[in-house]
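Below: one structure, written as C-alpha cells.
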Amino acid sequence: MILTVDRTVTVSFAKAGTVYSKVRSVQMTGTTSTGKNVSRTANWNVSFDSSTRCLTRDGSSTATHEGRELTRTVTGYKRCGIGTLGCPQSGVLTINRKKGVGDAEKDLTLTVEFTGGRGYTVTGSAGRKVNRNMNWCRIVAEK
C-alpha cells in the first residue's frame with residue numbers, strides 16, 4: 001500500500017521547577033494508492049515531575065479513513081515512581097467510533113478506567129462493566 005501524506009507535528013517543551021512538560025500536536029491528511037482519504041489530528045500533554053517521579057498524560061487523537069472515524073481520549077492518566085512497567089494510579093482511556101460514519105450502524109464506546117494498583121475497569125457500549133487486573137505491571141511500594 002502506498003500512502004501520500006502531508007503531516008505537521010509541533011512539539012513544545014517546558015520546565016517549571018522539577019516538572020518537565022511536553023505538548024505535541026499532529027495534523028495529517030493523505031490518500032492511499034487506491035484513492036481513499038485518511039486523516040489524523042492529535043493533541044497530547046505529557047508531564048514528568050522528577051521529584052515525585054510521576055508521569056501524567058492527557059489528550060486526544062481522531063483518525064478517519066474514508067469517513068470512518070475513531071477517537072481516543074486519555075484523561076487524568078498518572079503513573080508514579082517505577083518506570084514504564086509501573087501500574088497506573090489513575091486515568092481514563094475512552095475509545096469512540098461514531099454512528100453513521102462509514103459503515104458504522106451505531107455508536108461504539110469503550111472506556112478503560114485505571115483504578116490504582118493493578119486494577120482497571122472496562123465499560124462497553126451497552127454499559128456492562130468488567131473489572132480486570134494487569135498482572136504484568138509493578139506496584140509502587142508504600143513508604
Side-chain angles (χ1 to χ4, degrees), residues 1-14 16 19-143:
M1 171 193 261
I2 298 172
L3 181 67
T4 303
V5 173
D6 180 14
R7 182 173 187 232
T8 302
V9 178
T10 305
V11 180
S12 62
F13 298 92
V19 178
Y20 298 83
S21 60
K22 175 175 83 170
V23 176
R24 183 173 187 260
S25 298
V26 177
Q27 298 291 323
M28 186 274 296
T29 58
T31 307
T32 67
S33 60
T34 58
K36 295 182 179 180
N37 295 318
V38 294
S39 67
R40 179 170 182 258
T41 59
N43 294 291
W44 297 103
N45 299 304
V46 178
S47 67
F48 177 74
D49 187 333
S50 61
S51 67
T52 61
R53 294 181 50 200
C54 289
L55 174 98
T56 61
R57 183 173 179 161
D58 291 283
S60 66
S61 171
T62 299
T64 60
H65 179 261
E66 276 302 291
R68 294 182 181 115
E69 184 175 292
L70 188 68
T71 300
R72 176 179 57 141
T73 304
V74 175
T75 54
Y77 179 86
K78 184 176 184 180
R79 185 184 72 233
C80 294
I82 200 159
T84 58
L85 291 179
C87 296
Q89 292 176 288
S90 62
V92 177
L93 166 63
T94 305
I95 301 170
N96 291 308
R97 183 190 74 187
K98 292 206 175 184
K99 175 183 176 179
V101 176
D103 61 358
E105 295 179 13
K106 61 181 179 175
D107 287 348
L108 294 178
T109 301
L110 177 72
T111 302
V112 177
E113 180 180 1
F114 301 105
T115 56
R118 289 192 169 104
Y120 67 99
T121 301
V122 178
T123 306
S125 287
R128 179 173 174 244
K129 291 186 177 196
V130 179
N131 294 318
R132 299 278 188 221
N133 284 313
M134 296 174 281
N135 295 324
W136 53 266
C137 70
R138 297 179 293 204
I139 299 172
V140 175
E142 296 290 327
K143 291 182 180 181

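Computed from a predicted model, the values in this text were never measured in an experiment.
- Although no hydrogens or angles enter the test, the distance criterion places a donor-acceptor pair under 3.5 Å between the side chain of Asp58 and the main chain of Gly76.
- Separating the CZ atom in Phe48 from the CZ atom in Arg57 is a distance of 15.5 Å, to the nearest 0.5 Å.
- Judged as a side-chain contact (heavy atoms from CB on, under 4.5 Å), and not counting sequence neighbours, the contacts of Thr109 are Thr94, Asn96, Thr111, Ser125.
- In plain terms, the two heavy atoms of Gly86 and Arg79 that are nearest each other are O-CD, 3.2 Å.
- By the 30° and 60° cut-offs, the orientation of the rings of Phe114 relative to Tyr77 is perpendicular.
- Note that NZ of Lys22 is 10.5 Å distant from CG of Asn45, once rounded to the nearest 0.5 Å.
- In this structure, Leu110 and Val122 have side chains that are in contact, with non-hydrogen atoms separated by less than 4.5 Å.
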Quiz item: Where do Thr71 and Thr62 land on the side-chain hydrogen bond (donor to acceptor under 3.5 Å, both in side chains) test, with the steps shown first?
Solution: CA-CA 4 Å; Thr71 300; Thr62 299; 3.2 Å; yes
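- Between Cys54 and Lys78, the shortest heavy-atom contact is SG-CE, 3.8 Å.
- Between Arg72 and Leu93, the closest heavy-atom pair is CG-CD1, 3.5 Å.
- Contacts of Ser50 classified as side chain to side chain donor-acceptor pair (under 3.5 Å), with partners at least two apart in sequence or in another chain: none.
- Rounded to the nearest 0.5 angstrom, Glu113 CD and Ser90 OG are separated by 9.0 Å.
- Remark: the Thr64 side chain and the Ser39 side chain contain an N/O donor-acceptor pair separated by less than 3.5 Å.
- Residues His65 and Lys36 form a side-chain contact, since some pair of their non-hydrogen atoms from C-beta on lies under 4.5 Å apart.
- Nearest heavy-atom pair, Thr123 versus Lys129, reported as atom, atom and distance to 0.1 Å: OG1-CG, 3.4 Å.
- You'll find the side chain of Arg132 stays beyond 4.5 Å of the side chain of Val112, heavy atoms only.
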Practice problem: Give the C-alpha distance, both sets of side-chain angles, the deciding distance and a yes or no for side-chain hydrogen bond (donor to acceptor under 3.5 Å, both in side chains) between Ser47 and Thr56. | Solution: CA-CA 5 Å; Ser47 67; Thr56 61; 2.4 Å; yes
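- Between Gln89 and Cys80, the closest heavy-atom pair is OE1-SG, 2.8 Å.
- In this structure the side chain of Arg40 reaches within 4.5 angstrom of the side chain of Val26, judged on heavy atoms.
- Residues that satisfy the side-chain contact (heavy atoms from CB on, under 4.5 Å) test with Arg118, not counting sequence neighbours, are Cys87, Asn133, Asn135, Cys137, Ile139.
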